[in-house]
Amino acid sequence: MKTDELRQLYLDFYVSKGHTLCASDVLVPTWDASVLFTPAGMNPFKDHFLGKVKLEFTRATSCQKCLRTGDIENVGRTAYHHTFFEMLGNFSFGDYFKREAINWAWEFLTDKKWLGLDADRLSVTVYKDDDEAAKIWATDVKLPQSRIQRMDEDENFWPASAPSQGPDGVCGPCSEIYYHPPGGQEVEIWNLVFTQFNRVGDPPDNLRPLPSKNIDTGMGLERTAATLQGVDTNYHIDILKPIVLAAAEICGREYDPKSEDGRRLRRITDHVRACTFAIHENVYPGANKEKYVVKRLLRRAVLDGHQMGLRDPFLHQLVPAVVAAMRTPYPELSETAARVAEGIKNEEANFFGTIDDGLARIGKIFKQMESNSRLVVDGGDAAELYTTYGVPPELFANLAAEKNLAFDWDGFRLRMDEHGDISGGGRMALFGDDAVESLKKAHKHTKFVGYERTETAAELLGIVAQNSLCDELDEIGHQQPVIVVLDATPFYAESGGQVGDSGWIVGEKFKFEVTDTQKNGDLVLHFGHLREGHMTAGDGVTATVDADRRDAIRRAHSATHILHHALQKNLGAHAQQQGSKVERDLLRFDFTNQGAVPQETLEKIEAEVRGRISVGDAITAEVVPLADARQAGAMMLFGEKYPDPVRMISMGDFSKELCGGTHLPNTKDVGQFEVISEESVSAGTRRIVALTGTLAKEHADKTEFVLSEVAALLKVEPTQVPAAIDALSRYARALKKEVNTGEAAGDSPRLQDAAHDHRAHKLLLRETAAALKVSPFDVPERIESLVAEIEHLGAQLAQRRASDGVTPESLLAAAEEIDGVRVVVAEAVGSNPNMMRQMIDRLRKEASPVAVFLGCGQGEDKVMLVAGVSRDLEERGVDSGRWVRESAAIVGGSGGGKPSLAQAGGKHPEKLPEALAQARETIRAMLAR
Ligand code: SER
């Protein structure tokens with residue numbers, strides 16, 4: 001059974017049992033601070049389990065894209081481990097419980113109508129105290145006791161060991177289903193979790209029954225597919241093997257599953273799949289959090305390629321294989337494939353730039369360790385490798401593990417802290433938590449005055465540096481940010497998608513630059529660097545936000561509300577906000593919509609936003625009771641929790657949203673607005689990226705500039721560009737065809753005129769970019785290469801046209817007859833190997849028995865020879881390979897082929913007549929035998 005079929009069958013089965021089909025949620029749930037990546041199918045339903053949202057359904061089923069790094073060391077080494085994988089699941093929110101969950105799982109696995117697995121090959125485990133589940137397996141399913149095993153909380157609780165070790169939150173006993181393949185190792189394919197508790201704090205009495213009992217099951221799609229396809233590793237199923245083989249080809253290796261290279265190719269497969277999905281969601285490799293995970297996976301895969309001898313970026317070439325394999329469930333991947341490949345390539349290029357030096361340094365370290373009999377890699381060395389050569393510490397640790405050496409993680413972290421560099425594991429975790437907690441206890445909250453003004457007088461309450469609370473600080477040049485807490489601040493802390501403010505905190509004796517602002521509870525944390533002087537807790541300060549930057553952020557935020565309105569108006573009420581990021585003059589807005597927004601509608605939306613900006617409506621903020629806001633029709637998002645009272649932002653009479661962000665006084669202050677892209681984030685969720693104010697203006701100017709540059713290159717009016725490109729591309733294809741087959745290409749294209757304005761220009765450039773499959777600002781470069789290609793084809797064609805005199809008739813007319821065989825030995829002026837082969841084919845059909853030897857020069861220093869004989873001659877033992885080889889030696893080359901057709905290339909076109917004379921000699925001798 002194909003994996004695509006399995007996925008569909010599972011969802012169909014649970015839909016037939018009354019479940020609502022839910023599309024996969026995103027891989028990177030930015031709204032869930034407790035995880036970097038979606039780790040399981042249940043994650044998107046957390047609030048449903050806790051009863052925090054209104055339930056529109058009580059049974060759901062999904063196939064969720066997931067990523068886990070816990071077992072990363074095993075990827076490629078074992079049959080079943082992945083980072084990225086898909087999880088099939090069925091969920092009950094206070095609806096059915098253990099009995100249905102177990103019986104349905106069994107039906108789906110064993111019934112011939114569904115998977116039809118051999119029941120004798122299945123066994124289960126249950127939590128040691130879960131008599132209820134054990135009984136259902138024994139009496140309903142009639143599984144013999146020998147195949148029901150009871151296990152402890154580390155095996156049969158989800159999350160593992162939750163009762164004693166946490167984390168807090170929804171949890172419950174589980175029952176796992178194992179498959180025992182013939183002759184192979186058993187494999188867990190399904191985990192049924194009976195989510196009945198909310199864990200609160202440490203034992204005892206820390207498991208509170210949930211308001212209603214729930215079901216959360218997770219079936220590993222790849223594992224089950226491997227079972228059904230009878231392959232011994234997930235990597236050989238139909239959606240993964242093609243990527244493994246594509247990787248083998250790109251790395252120039254034969255795929256041998258058991259070899260070290262086989263393991264590397266599987267790891268590359270896993271990691272490139274993970275990176276493709278993450279970058280598709282705009283999570284690019286970077287220094288922190290989920291971005292760092294992407295960087296680490298990518299670099300690990302690149303290292304594997306490097307160890308197989310590659311020295312140039314290669315990983316990005318696998319993106320099409322990933323997109324093809326995952327096409328059915330995630331068609332949206334193909335829309336961003338070019339952007340994803342480029343993202344991967346850039347990071348690969350970065351790493352390839354330092355990897356040789358990095359590895360040489362690591363080699364030296366290993367040598368020294370060997371001669372000093374040291375067994376633990378020094379954390380300081382690893383920190384240097386990371387900061388200087390970009391070698392992620394995990395990767396260094398992997399290389400060390402391969403040599404049975406340990407790795408000093410504590411030492412690494414310590415040194416990174418000292419250096420003040422951002423650490424891999426996530427800066428916040430290593431940084432200042434305890435100290436911040438004690439500040440929080442002492443001061444509780446910072447008064448925020450940033451809605452009214454961007455500057456205020458305040459008192460400096462605390463400084464956290466090097467993970468500890470300090471009364472004073474005078475060290476300039478610390479790279480790791482220091483945290484400053486004030487009693488009042490105009491700085492907006494990152495929240496609701498709006499980035500944190502930057503600016504200055506200045507006292508009588510110091511200047512502190514704020515680079516980022518974050519929140520911890522109600523405390524505002526100013527991250528930054530002491531630039532001058534000496535700061536002391538208790539100092540009076542002036543806190544000043546970078547007002548230009550704040551204005552740019554306000555433009556983007558107000559424009560986001562206008563865009564939200566325009567989307568709902570043009571697409572319908574379903575087009576609700578799913579996520580948003582507001583930066584300086586840049587906004588990213590995710591919303592619900594099936595399929596791409598048509599270009600025409602997108603333009604209407606853009607025009608609507610511009611219209612609202614030019615009308616100039618007042619923007620006001622007021623704090624009102626939640627009920628009043630609801631009454632006023634303010635936009636409220638499903639699943640969102642709002643405080644009461646709430647802050648409501650109104651724009652004219654067209655928009656009311658609950659929002660804590662900073663806004664402009666009037667819509668006209670947004671200035672310019674430009675949508676720069678519309679793309680898919682996941683099934684049913686789209687993303688618009690747009691610019692405002694200064695950035696929008698720059699983008700518009702650049703569009704005009706690039707388009708006029710392109711027009712100049714093509715020698716047409718800007719409005720003619722797409723037509724010109726279309727005609728030019730078609731002409732290039734026709735020329736190629738004529739070079740190869742002789743079918744006339746026709747004349748070079750003619751171009752026409754049309755109307756123009758900026759809107760049209762932007763569209764023209766985008767259309768052109770789409771036709772050329774590059775990003776808009778790369779169009780000129782692509783055109784240059786297209787023009788060069790056409791010139792090259794033109795030259796080839798001129799040569800080809802010169803060969804028009806070479807026809808089958810003319811060749812046969814000049815043939816010599818030896819022993820009843822027609823022998824053609826001739827120069828095919830202006831021809832190429834392809835044409836010569838076709839000619840030989842025709843002659844063999846028309847004039848058998850025949851022996852043909854053709855040669856032609858290819859430019860100044862190349863000559864090609866092709867020889868072929870008809871079948872009867874081949875049967876008489878005449879060998880074209882030998883024929884062509886003897887002449888090839890004369891033109892300084894070599895070649896070969898089959899007895900019926902052979903080909904050779906040489907370096908001396910001037911010796912072609914001599915080679916043809918030799919060919920006549922050779923065939924005479926061959927026929928005489
Ligand atoms: N949440 C459980 C798991 O991840 C079942 O879906 O295994």
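As the structure lists them, so they are numbered: ligands from 1, and atoms in each ligand from 1. Counting from 1, the numbers follow the sequence of the chain as shown.
For Arg263, the side chain to side chain donor-acceptor pair (under 3.5 Å) criterion is met by Glu260, not counting sequence neighbours.
The pair Asp270-Arg273 does not count as a salt bridge, with every side-chain nitrogen at least 4.0 angstrom from each carboxylate oxygen.
Exactly one residue among Arg99, Lys98, Lys213 makes a salt bridge (Lys or Arg N to Asp or Glu O under 4.0 Å) with Glu132. That residue is Lys98.
For the residue pair Glu222 / Thr3, no side-chain donor-acceptor distance below 3.5 Å is found, with atom types taken as modelled.
Ordered by chain and residue number, the residues placing a heavy atom less than 4.0 Å from ligand 1 are Ala40, Met42, Arg68, Met87, Trp158, Asn191, Val193, Asp216, Thr217, Gly218.
No more than 12 heavy atoms of other residues, nucleotides or ligands sit less than 6.0 Å from atom NZ of Lys135.
Between Trp409 and Phe407, the distance separating the two ring centers is shorter than 6.0 angstrom.
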